[in-house]
**Q** 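This is the structure I have questions about; it appears just below.
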Amino acid sequence: MYFDTRNGQLSCSDCTPQGSPVSAGVLKAMRHICYSDDVKLFAFTLSEESETLLSAITERYVAAHISKRFKTLEFFKDLTRNREGSAL
Ligand SMILES: [Zn+2]
C-alpha cells in the first residue's frame, strides 16, 4: 500500500500508486490511531523501523494539512540531531 500525505489517500499497487510505500504494520498502526478510543490511542507496538516510517509519514501529513510550524518539534529534532552527531 501507498499513502499520499497530501491527499490523505491510500492506494494499492493495482491502482496508480501515489505517495510513500507503507508496510502492513504501519498501515495497521495508522488504522488503529484513526479508529481507536483516545485511551487506547498509543496502545500498539511497532518495530523501530516501522516507528520511524510512521513518524515520518504522520509528520509529513500534518505539515501538508496544517500551515503551522511547531517550534517544540523543531527544538526536539535539533536536540536529537545534535545527540546523534555527538555519538559518532
Ligand atoms: Zn487499489
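Order of listing sets the numbers, starting from 1, for every ligand and every atom in it. Computation of the quantities below employed the complete heavy-atom set of this structure, encompassing side-chain atoms and omitting hydrogens, waters and symmetry-equivalent molecules.
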**Q** In a table with atom names and distances, give each donor-acceptor pair under 3.5 Å that connects a side chain of residues 4-13 to protein atoms at least two apart or in another chain.
**A**
residue : atom : partner : partner atom : Å
D4      : OD1  : R6      : N            : 3.0
D4      : OD1  : N7      : N            : 3.3
D4      : OD2  : N7      : ND2          : 2.9
S11     : OG   : Q18     : N            : 3.4

**Q** Hey, could you give me the CE/SG distance between M1 and C15, rounded to the nearest 0.5 Å?
**A**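 If we round to the nearest 0.5 Å, M1:CE and C15:SG are 7.5 Å apart.
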
**Q** Would E49 and S23 count as a side-chain contact (heavy atoms from CB on, under 4.5 Å) here? Give the steps.
**A** CA-CA 10 Å; E49 185 186 350; S23 65; over 6 Å; no

**Q** Does one hydrophobic cluster hold both Y61 and F42, with members joined at side-chain heavy-atom distances below 4.5 Å?
**A**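 Same hydrophobic cluster.
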
**Q** Only counting residues at least two apart or in another chain, list the ones meeting salt bridge (charged side-chain N to carboxylate O under 4.0 Å, His left out) with E59.
**A**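 Only K77 meet the salt bridge (charged side-chain N to carboxylate O under 4.0 Å, His left out) criterion with E59.
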
**Q** Go around the Zn ion (ligand 1) and count every protein N, O or S atom nearer than 2.8 Å.
**A**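 N, O or S atoms of the protein closer than 2.8 Å: 2.
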
**Q** If you look only at distance, which donor and acceptor atoms sit under 3.5 Å apart when one is on a side chain in residues 26-38 and the other is two or more places apart or in another chain?
**A**
residue : atom : partner : partner atom : Å
H32     : NE2  : K40     : O            : 2.8
H32     : NE2  : L41     : O            : 3.4
S36     : OG   : H32     : O            : 2.8

